[in-house]
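See structure below.
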Amino acid sequence: MKTNFKQIKEKIIEMILMLSSASTSITVILIVFFLFVEGIGVFSKKPIEEGFLLAVHPSNTIQKLEPTQIKDIFDKKITNWSALGGKNEPIVLFRTEDITEFYSEEELGENFEHFPAKIDEYITRTPGVIAFFSDKYKSKDFHGKELDVNKITVYKFLSGEEWFPTAQPVAQMGVKPLILGTLWVSFGAILIALPIGLAAAIYLSEIARKRTRNILKPLIELLAGIPSVVYGFFGLVVIVPLVQDVFNLPVGETGLAGSIVLAIMALPTIITISEDAMSNTPRAMKEASLALGASQWQTIYKVVVPYSASGITAGAILGIGRAIGETMAVLMVTGNAAVIPNTLLAPVRTIPATIAAELGEAASGGMHYKALFALGCILFLITFCINMLVELVTNRNSHKKH
């Protein structure tokens, strides 16, 4: 009887563990699926604001324009239709609010009932016009020609150099500055954190006394539990002014400030994993090295570090992963300028900071909303590749040891 009860108990525990594992896996898969479904939606929409249209004179030969071309037209960088393959005539810009310059209030009507007809009239009498207005002002017998706007392609989304998702008349969805900003800040962080973390790990593992190690290691691990917003405040109050003064910059919110804050945040991961890897070096290997006449530093350099290379590499890559996914601290210290960085001493904007700053303002289901989910997909793929790299390096080195 006791044996049967014990077997039933074990089966129940086994089933609970299995259900827990399965539900966790399914939840993760569903989250990733939802992320990609929402993100891919950005490529099925046109970047013009919903409920608005672009129209030209009926004789205009242009049928379709790229979002960047429309932006250049309304920024007055392109002033003639010939630059776009059309007729040699100057471009005339028209927005809804411009109607009062051409028609009086009496002509528009007391309740603007003649508004659609007057817009139609203005478009048909102005050969070089390009008009941006709400489709509710489009008359039933509209004589102008609606311009088609190209959808955003994956290539243009990734290679575009302007991120301005709320721009009118057409949103600019280039994520290249955000990807480069993320990579610059993350790799800057790892260049700072790796030497310091490796030195600290060597000290804790091979040089420090047991009492010192027992005090320092918990303190270092405690750093990983500090909320990122606290690191952000520290960076804003201490690191940003320091960077500004040292490099004589107009503002201290730069990629370098972000890299330093992220380096501090990545240190516990790098130190802990590297120290554990070094501590697992067989004692016999160290003693054999010392017996052959090698000094303690030679043993560390020639024996301990090479043996622990996989753990050190894994710690470094996981540190990069922590840096790439960080949001709040980076948002507070990098300046949030969505421009392609040429130096770490300029303001940058990262993908996580962009999502955190803009998701609350984006209308659910709109172009901007889906573009932010697409950014999440990019961040997921970057982090996934980093984790796969950790697995590859760890497995390869473990096979070599065996």
Side-chain angles (χ1 to χ4, degrees), residues 36 38-57 60-87 89-98 123 128-138 144-182 336-340 349 351 354-355 357-359 361-378:
F36 276 85
E38 287 290 332
I40 290 169
V42 74
F43 305 113
S44 65
K45 287 179 171 281
K46 293 182 180 179
I48 191 166
E49 191 175 344
E50 197 169 336
F52 284 79
L53 60 90
L54 283 166
V56 294
H57 190 271
N60 197 317
T61 56
I62 301 293
Q63 301 292 331
K64 188 182 284 191
L65 289 174
E66 294 288 343
T68 50
Q69 292 175 324
I70 296 169
K71 179 182 179 296
D72 288 342
I73 288 171
F74 279 83
D75 287 346
K76 298 183 178 178
K77 293 178 181 177
I78 297 176
T79 57
N80 196 293
W81 287 109
S82 61
L84 301 168
K87 296 178 182 177
E89 55 190 11
I91 296 173
V92 180
L93 302 179
F94 176 83
R95 293 181 175 88
T96 309
E97 60 269 20
D98 298 335
I123 290 171
V129 71
I130 179 168
F132 174 64
F133 59 96
S134 172
D135 57 9
K136 68 181 179 182
Y137 297 131
K138 181 183 175 183
K145 184 172 75 174
E146 282 191 53
L147 269 184
D148 195 10
V149 182
N150 285 334
K151 292 178 182 177
I152 298 170
T153 62
V154 175
Y155 174 76
K156 286 176 183 173
F157 186 72
L158 295 174
S159 64
E161 298 186 359
E162 287 192 75
W163 175 258
F164 195 0
T166 56
Q168 287 189 337
V170 172
Q172 303 300 309
M173 299 287 188
V175 301
K176 187 177 178 181
L178 308 180
I179 295 172
L180 291 178
T182 303
N336 293 311
V339 293
I340 293 178
R349 187 172 231 197
I351 291 174
T354 302
I355 296 170
E358 297 181 8
L359 192 58
E361 303 171 0
S364 180
M367 170 68 74
H368 187 190
Y369 181 83
K370 291 186 180 294
L372 292 175
F373 272 88
L375 283 178
C377 295
I378 294 170

Worksheet item: What is the minimum heavy-atom distance between R349 and A357, and which atoms define it?
Response: NH2-CB, 4.0 Å
Worksheet item: Okay, side chain of W163, backbone of P177: is any donor-acceptor separation there less than 3.5 Å?
Response: no
Practice prompt. Would you check if the side chain of N80 reaches a backbone N or O of E89 as a donor-acceptor pair within less than 3.5 Å?
Written response: yes
Worksheet item: Just wondering, do K370 and F43 contact through their side chains at under 4.5 Å, heavy atoms?
Response: no
Item to complete: Mind listing the closest non-hydrogen atom pair of T96 and S134 along with its distance?
Response: OG1-N, 4.1 Å
Item to complete: Report the distance from atom CG of D135 to atom CD of E49, rounding to the nearest 0.5 Å.
Response: 10.5 Å
Discussion item. Using every non-hydrogen atom in the two residues, find where K151 and P47 come nearest and quote the distance to one decimal.
Written reply: CA-CD, 4.4 Å
Fill in: Set of residues satisfying ring-ring contact (aromatic ring centres under 6.0 Å, His included) with respect to F164, sequence neighbours excluded
none
Only distances under 3.5 Å count here; give the side-chain donor-acceptor pairs of residues 67-75 to other protein atoms, sequence neighbours excluded, each with its distance to 0.1 Å.
unit_1 : atom_1 : unit_2 : atom_2 : d
Q69    : OE1    : E66    : N      : 2.9
K71    : NZ     : D75    : OD2    : 2.7
K71    : NZ     : E162   : OE1    : 3.2

Fill in: L158 side, atom CG; I378 side, atom CD1 - distance, nearest 0.5 Å
5.0 Å
Worksheet entry | Gap separating the CE atom of M367 from the NZ atom of K46, nearest 0.5 angstrom | 10.5 Å
Worksheet item: T166 and E358: side chain to side chain contact (heavy atoms under 4.5 Å, CB included), yes or no, with the steps?
Response: CA-CA 10 Å; T166 56; E358 297 181 8; over 6 Å; no
Discussion item. Strictly distance-based, threshold 3.5 Å: is any side-chain N or O of T79 a donor or acceptor partner for the main-chain N or O of K76?
Written reply: no
Practice prompt. Take V42 and F373 through the side chain to side chain contact (heavy atoms under 4.5 Å, CB included) test and state the conclusion after the steps.
Written response: CA-CA 9 Å; V42 74; F373 272 88; over 6 Å; no
Worksheet item: Going through the checks in order, is the side chain to side chain contact (heavy atoms under 4.5 Å, CB included) test met by I130 and V92?
Response: CA-CA 6 Å; I130 179 168; V92 180; over 6 Å; no
Practice prompt. Measure the CG-CD distance between D148 and Q63 for me, rounded to the nearest 0.5 Å.
Written response: 9.0 Å
Practice prompt. Taking all heavy atoms of K145 and all of I62, pick out the closest pair and write down the distance.
Written response: NZ-O, 3.2 Å
Worksheet item: Are any non-hydrogen side-chain atoms of L53 and F132 less than 4.5 angstrom apart?
Response: no
Worksheet item: So which heavy atom on L375 is nearest to which on L178, and how close?
Response: CD1-CD1, 3.8 Å
Discussion item. Quick check for you: to the nearest 0.5 Å, what is the distance between W81 atom CH2 and T61 atom OG1?
Written reply: 9.0 Å
Item to complete: Apply salt bridge (Lys or Arg N to Asp or Glu O under 4.0 Å) to E146 and list each qualifying residue two or more places apart in sequence or on a separate chain.
Response: K138
Worksheet item: Picking from I78, L147, V56, what satisfies side-chain contact (heavy atoms from CB on, under 4.5 Å) with L65?
Response: L147
Discussion item. What's the separation between atom CZ in F52 and atom CZ in F133, rounded to the nearest 0.5 Å?
Written reply: 10.5 Å
Response to the item:
For I152 and F157, the nearest pair of non-hydrogen atoms, with its separation, is CG2-CB, 3.8 Å
